[in-house]
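One structure below.
Convention: sequence-line order gives letters A, B, ...; per-chain numbering from 1.
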Amino acid sequence: MKNIAGFKLTIFLIILSGFKLNLTAQMEDLIRRYAGENAEGYVEPIITGLGSTLNSGLYTSAKAPVSGFHIILSVNGMLTIYSDGQKKFIGRTNGYFYPPQEVETSTIIGNPQGAVVVSPSGTEFVFPGGYDLKSFLIGIPTLKIGSLYGTEMAIRYMNFKISDDIGRLSLFGIGGRHSISQYFSTSPVDISGGVFYHRFKLGDIIKSNVWIVHLETGKSFSFIDLYGGLGYESNKAKVEYTYISTTETADISVDVTGKNSFRLTLGIGFKIFPYQFNIDYNIGYQNVIHAGFSVGF
Amino acid sequence: MRNNNGSVSMYRYFLSYIFIIAFLLMATCKNVLVYYPVPLTSEVVLDIEVVNGSYNKTLPLDLDIYFKDLDDQLQSDYGVSLDDVDRIKLEGAAYTILETDADIVVSGNVNLTYASQSDTLMGLEGVRLEEILDKPQADALYSEGIGLLNQALQEYLSFGGQSKYVDLNTNGSLSESTATNMKFTMKIEFTITTVIKKNHEVFDPLGYK
């Protein structure tokens, strides 16, 4: 009975992520208009949102146990809110539209009506609209195991078929965290550092590799953890689709780099053994709110 | 410790449900009507014979065939039909000289005729054929012809059109009299953009309307 609430919560958050990814899979219809720089500008907010959220919730305390066995299962919900600036980019007309022009148009999260450029002779070049998104939410299960000489390993994994059209979603993440404060016996605070890697794949459209190196400090009390940290992250994705333009149809592979690179995390955790609830705020190019629920021994 | 079980359990469930309710309040699905273009390029190849220094050739374009191809593409690639089309417009057009048996200068027009109206779509003003061989010329469009083509496309889409044919006529003359009889091949490409509106149900916490 005790675990039913946690189980429901796990299912709930995984379902949330499924909703989100179903949307992402539909982007191929829209991106077919673009190749090269246009494609990168159009898709970049989704890639940045994905990378920013994935790199959240990797630690829920600055204290990494130095010894003893522990295993913790967490469900992490990450929410990021898009700024208005991320809803627009400068797109370039292509094909036989004359004269070539640049115009501010929607990114994939922008205005659903896109933009229209009318030439002096009356031809029209239409840029696709976006999904009018204000936020990006993803839910992920995480399993942590430790401790070996102050080192804790963590794994994130999801793999399921969304539909015949979209294909499979797979997420694999692995990382480790090491206690640094164990080497400074007089340290008044806990210090630890770690690295985490995610590989995300959605059907044949998106393949993403996300890295973060993080260093955190904080203080652990009986029922509360206070923590804060810094992170340096890298977020690169390959978006593959069929490009349909005025003059050609081709299979395109576009490399997209997320704009998230540094982050500052501030968080608090509430502990009632064997449960823990955390909430933290991540400040960076894309701010993220993370809430996590953990059960462990 | 056992005495605390009741309060601990309540606190635990309280946290869980607050968490769930918070997400439920934030999490909202919404329907977004997204507009996006589907460009479709059609081409016509004209083998033109110049006789006594001038040429005149007409080719009918069958709108039934064009819209059948468009409907097939919309259904196979996008899962929508012509009913989901918001508007249809000419995005661009270009002519390309594919072959010529003389290096001569040509002046002429490409005209459209639809439902007894006729207008110029493209102009070839003193172009030396060998200089533009295999190079698409996209800067020769006239607004009158574009308007007529857009009218034909939109009317066909709306009510089947006044006519199922658009006649494409190319005519002109040689600017140099050295070669009065010759042949050249011209390809005309039209890129017509169909703007689709498609409803997407998206999950957007805090984005409800």
Side-chain angles (χ1 to χ4, degrees), chain A residues 2 5-6 8-9 12-13 16 18-20 22-23 26 29-30 32-33 77 79 81-82 93 95-99 109 111-114 116 118-137 139 165 242 244-248 270 272-273 275 277 279 291 293, chain B residues 8-9 11-13 15-20 22-24 26-27 29-30 32-41 73 77-80 87 89-94 136 138-147 150 189-191 193 195-198 200-209:
Chain A
K2 285 181 180 176
K8 284 179 179 173
L9 190 60
F12 179 68
L13 285 175
L16 287 189
F19 268 113
K20 180 77 252 171
N22 187 37
L23 159 71
Q26 294 168 349
D29 281 354
L30 301 180
R32 280 176 175 164
R33 178 57 147 172
L79 175 74
I81 298 168
Y82 287 115
T93 61
Y96 290 148
F97 182 82
Y98 187 87
I109 62 163
N111 183 342
Q113 299 202 355
V116 179
V118 181
S119 75
S121 59
T123 54
E124 291 188 12
F125 189 96
V126 181
F127 290 90
Y131 287 114
D132 190 26
L133 292 179
K134 290 189 168 51
S135 61
F136 186 105
L137 173 69
D165 292 339
T242 301
I244 301 174
S245 80
T246 57
T247 51
E248 63 176 314
F270 301 94
I272 301 173
F273 183 81
Y275 301 99
F277 172 73
I279 187 160
F293 184 80
Chain B
V8 169
S9 178
Y11 184 55
R12 190 168 61 236
Y13 279 100
L15 277 179
S16 300
Y17 284 111
I18 287 292
F19 190 34
I20 290 172
F23 268 103
L24 280 173
M26 290 190 299
C29 283
K30 65 179 182 183
V32 180
L33 195 59
V34 183
Y35 290 73
Y36 54 95
V38 177
L40 182 63
T41 298
Q73 186 184 359
D77 294 347
Y78 297 90
V80 296
R87 61 190 190 275
K89 297 276 187 179
L90 182 69
E91 176 182 297
D139 58 348
L141 289 169
Y142 281 73
S143 57
E144 294 83 0
I146 292 169
N150 285 340
E189 293 172 282
F190 301 95
T191 299
T193 293
V195 181
I196 295 171
K197 50 184 180 184
K198 189 173 180 181
H200 292 270
E201 186 180 32
V202 298
F203 174 66
D204 185 14
L206 309 178
Y208 57 89
K209 291 181 176 176

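Only the backbone of F127(A) comes within less than 4.5 Å of a heavy atom in chain B; its side chain stays farther off. With a 4.5 Å cut-off on non-hydrogen atoms, V34(B) touches chain A through its backbone and its side chain both. For K198(B), the part lying near chain A is the side chain, with the backbone staying farther off; criterion is any non-hydrogen pair under 4.5 Å. Within the 4.5 angstrom heavy-atom criterion, only side-chain atoms of I146(B), from C-beta onward, approach chain A. When heavy atoms are compared at a cutoff of 4.5 Å, V118(A) does not approach chain B at all.
For P99(A), the side chain to side chain contact (heavy atoms under 4.5 Å, CB included) test picks out Q101(A), S119(A), P120(A), with sequence neighbours left out. Residues forming a side chain to side chain contact (heavy atoms under 4.5 Å, CB included) with E144(B) (at least two apart in sequence, or on another chain): D119(B), Y142(B).
A heavy-atom distance below 4.5 Å is found between the side chains of R87(B) and V126(A).
Across F97(A) and E91(B), no two heavy atoms sit closer than the pair CD1-O, 3.2 Å. Smallest separation of non-hydrogen atoms from T191(B) and Y96(A): OG1-CD1, 3.9 Å. Scanning both residues, P112(A) and V32(B), for their nearest heavy atoms gives CG-CG1, 3.6 Å.
To the nearest 0.5 Å, atoms OH (Y35(B)) and CG (N111(A)) are separated by 10.5 Å.
Taking chain A as the reference chain and counting heavy-atom pairs below 4.5 Å, the highest number among L141(B), I196(B), D139(B) is found for D139(B).
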